[in-house]
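Notes for the one structure printed next.
All of these numbers come straight from a predicted model, not from anything done at the bench.
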Amino acid sequence: MKKFSYVLIGNPNVGKSTIFNSLTGLNVKTGNYHGVTVGVKKSAFLDTEIVDLPGIYNLPAYSLEEKVSENYLEKNSEDIYVYVVESINFLRSITLLKEIINKKRKVILVLNLYDQLTSKGGKIDEKSLEEKLNIPVISINAQNEKDILRLKKFLIENKNVSYNLNNNFNVEKCFTKPKETEHFLDKIFFNKTLSVICFFATLLGIFLFTFLKNSPGDLLLTLSENLVELLKDKIYLFLFSIGVKEIIISFVTEVFIGGIGSVFCFLPQLMLLYFFITILEESGYLTRVAFMTDDLFSKIGLNGRAVFSIVMGFGCTAMAELSTKSFDNDCMRKKVALSLPFIPCMARLPIFAVIINTYFLRRKVLMIFAIYIISILLTFLTSSLLNKYIYKQNNTFIMEIPTLKKVPIKRICKILKYYALEFIKKVGSIILIEVTVLWILKSFSFTHGYVGNDVENSILSSIGKVLSIIFYPIGITDWKISVALLSGLFAKEAIVGTLELLYPMGLTLNTIQALAILAFCMTYTPCFSAIHATKKEIGMRLSAFSAIFQMAFALFFCYFVNIVAHLVLKKQLRYVIIVITVILFVYFLIRSCFVRQKLRQNYKADDKIYCRKRN
Amino acid sequence: MKLTEINFNKKAKITKIKLERSLKTRLNSLGVKEGVVIKKTHTSILNNAIMIEVDQTRIAIRKELMESIYVEEI
């Protein structure tokens with residue numbers, strides 16, 4: 001039985017998770033903003049274990065994620081608490097250190113990013129600090145390998161650290177303040193006009209770099225598609241030449257090369273997007289965006305910190321849902337959690353790319369940009385409606401703005417490697433199982449056994465035809481599309497694999513159907529793991545409601561897109577204008593009725609008060 | 001005077017923070033407490049949020065919260 005654990009504790013965004021990663025070789029999520037770690041992370045370390053706790057400013061805890069740390073601190077009195085401090089903010093961190101020492105916990109003090117402090121002319125007198133605090137002190141930079149080795153040795157040497165019962169220390173004299181300096185980029189990021197230009201230029205740059213024709217992203221996609229195609233031909237010819245049975249050739253080429261290979265094609269493009277997201281998260285730029293855009297978020301009942309969850313949502317909805325734990329206000333947490341599923345995660349990108357490359361190649365960047373903009377608008381609209389009618393409570397905004405940091409290329413590579421492995425694991429497990437099950441269902445019939453390419457007589461066709469009833473009103477009449485779209489409920493990447501399996505010769509849709517599929521994929525229920533994460537944060541009932549509502553909304557939205565696309569493509573734009581005018585007219589009519597009713601109620605209330613006063 | 005009334009980049013000393021306990025503790029833990037020197041440095045696009053500097057820490061807070069922080073010019 002283990003006697004104790006090393007527990008990394010401290011203010012948010014001081015480098016606890018970076019130290020945890022460096023000591024364990026793991027790759028838990030890091031970022032240059034408050035609230036990246038929201039749960040307890042554990043790993044084996046030396047002959048015991050090491051624990052990474054969410055950041056906490058003070059006791060008692062203020063937000064849910066801080067409560068996790070507080071509870072841990074209360075329950076585990078035998079552990080050694082490795083108190084991590086950002087050297088530049090040393091004096092501020094003393095408050096929490098005193099509170100931990102007051103609780104009679106064994107503490108080791110780690111002064112992280114010490115070189116940053118010294119480069120600005122600051123200094124901490126380690127020896128006198130150690131004497132005054134009566135606890136072991138070490139200064140390091142968590143991204144320096146030599147420092148990490150030193151820390152490891154230091155932790156071993158001090159595993160028998162004793163309690164410090166003296167908390168009447170005055171350490172201000174040990175600290176020499178650094179000079180006040182401002183990063184030159186902050187002059188741009190905090191300038192009202194330049195920050196807006198910079199933000200949109202960054203977004204546009206990322207999209208052009210990844211999706212524009214002949215851009216690095218596009219070239220990587222074409223290269224990987226050609227490789228998969230070549231591999232498919234070679235393997236088919238090889239298996240055919242050695243006389244392998246047709247059923248096995250079909251399984252290998254359709255499931256492994258067609259289904260799984262088609263999903264793998266998007267790996268380089270996804271990595272490119274993750275590369276940019278990593279830089280945004282790790283550098284501290286997102287915090288600047290959060291601050292500058294707080295006005296916009298306050299209008300919809302959120303605050304600037306929602307930016308972190310939204311950007312995380314572009315990567316993975318499940319992770320973004322879990323990040324809502326860092327909001328201190330329950331209403332706000334629910335608003336963000338219920339709005340986030342409208343943000344298209346990275347797993348939806350392959351299906352967007354397949355449809356757009358096939359049907360809207362000339363307007364590729366514009367279409368992708370439009371998808372993201374519409375998704376963000378839908379997220380804002382949901383939050384705004386929730387704020388207006390259900391969760392009306394006001395929220396505050398207090399956020400620490402960290403200094404901008406250079407993101408070492410080694411760190412980016414490590415993060416990208418992690419994402420790539422996660423993607424490969426997901427494709428090799430859930431998606432492989434899903435495509436295999438679908439292949440079995442499409443290759444066999446209830447009565448005739450193996451039917452090969454005669455998909456219309458397969459078991460899948462019988463099931464798909466029943467399921468396709470759902471999609472009839474939105475103009476998708478082919479059961480294969482229905483099956484592919486519903487397969488996305490397990491993992492969104494599976495849609496492309498299923499389409500490749502069911503349409504080996506390529507998609508046969510018209511433009512309106514393609515638009516409807518895009519609209520549906522953009523808005524429908526996220527995968528089951530994201531629903532599970534939502535359940536963890538806001539409970540079973542709300543998450544179930546959110547999932548059902550989103551499916552219904554997606555169908556309604558597709559229906560709307562279908563009608564508009566019909567009218568526009570058949571050059572009946574005037575009807576579109578008439579429909580929009582009628583909708584606006586009805587909206588304002590209903591609104592004016594409500595306003596009149598409210599005014600009448602107010603008059604009545606005023607009358608009553610007036611009468612009471614007169615009496 | 002209130003913190004909102006102080007000009008940008010002018011230093012001021014906090015004299016009182018009139019906020020509910022949890023918010024006050026949160027600000028205290030970030031270094032915003034009575035007696036410390038504070039400076040307003042930047043605003044958000046529509047001036048709803050303001051960035052203040054205390055020692056080496058930069059904190060973004062909304063205007064309504066600043067109404068409850070009282071300071072004296074130095």
- Item | Contacts of residues 62-74 of chain B with chain A (heavy atom under 4.5 Å) | B:R62, B:E64, B:L65
- Message: So, using side-chain contact (heavy atoms from CB on, under 4.5 Å) as the criterion, who are the partners of A:S87 when residues are at least two apart?
- Response: A:L111, A:Y114, A:L117, A:I124
- Query: Considering all heavy atoms of both residues, which atom of B:N48 and which atom of A:S298 are nearest to each other, and what is their separation?
  - Reply: ND2-OG, 3.1 Å
- Query: Between A:P178 and chain B, which part of the residue has a heavy atom less than 4.5 Å away: side chain, backbone, both or neither?
  - Reply: both
- Note on the structure: Checked B:T25, B:T41, B:V32 vs chain A; the most non-hydrogen pairs under 4.5 Å come from B:T25
- Could you list the residues that satisfy side-chain contact (heavy atoms from CB on, under 4.5 Å) with A:S383, not counting sequence neighbours? A:I300, A:L302, A:K335, A:S339
- Note on the structure: Hits for side-chain contact (heavy atoms from CB on, under 4.5 Å) against A:T293, two or more places apart or cross-chain, chain-then-number order -> A:V289, A:F297, A:V307
- Taking the side chain as C-beta and beyond, is there a heavy-atom pair between B:H42 and A:E182 under 4.5 Å? yes
- Under 4.5 Å from any heavy atom of chain B - which part of A:D294: both
- Note on the structure: Max heavy-atom pairs within cutoff under 4.5 Å with chain B, candidates A:M292, A:K120, A:E400, goes to A:M292
- At a heavy-atom separation under 4.5 Å, does A:R305 approach chain B through its side chain, its backbone, both, or neither? neither
- Considering only heavy atoms, which portion of A:E66 lies under 4.5 Å from any heavy atom of chain B: side chain, backbone, both, or neither? side chain
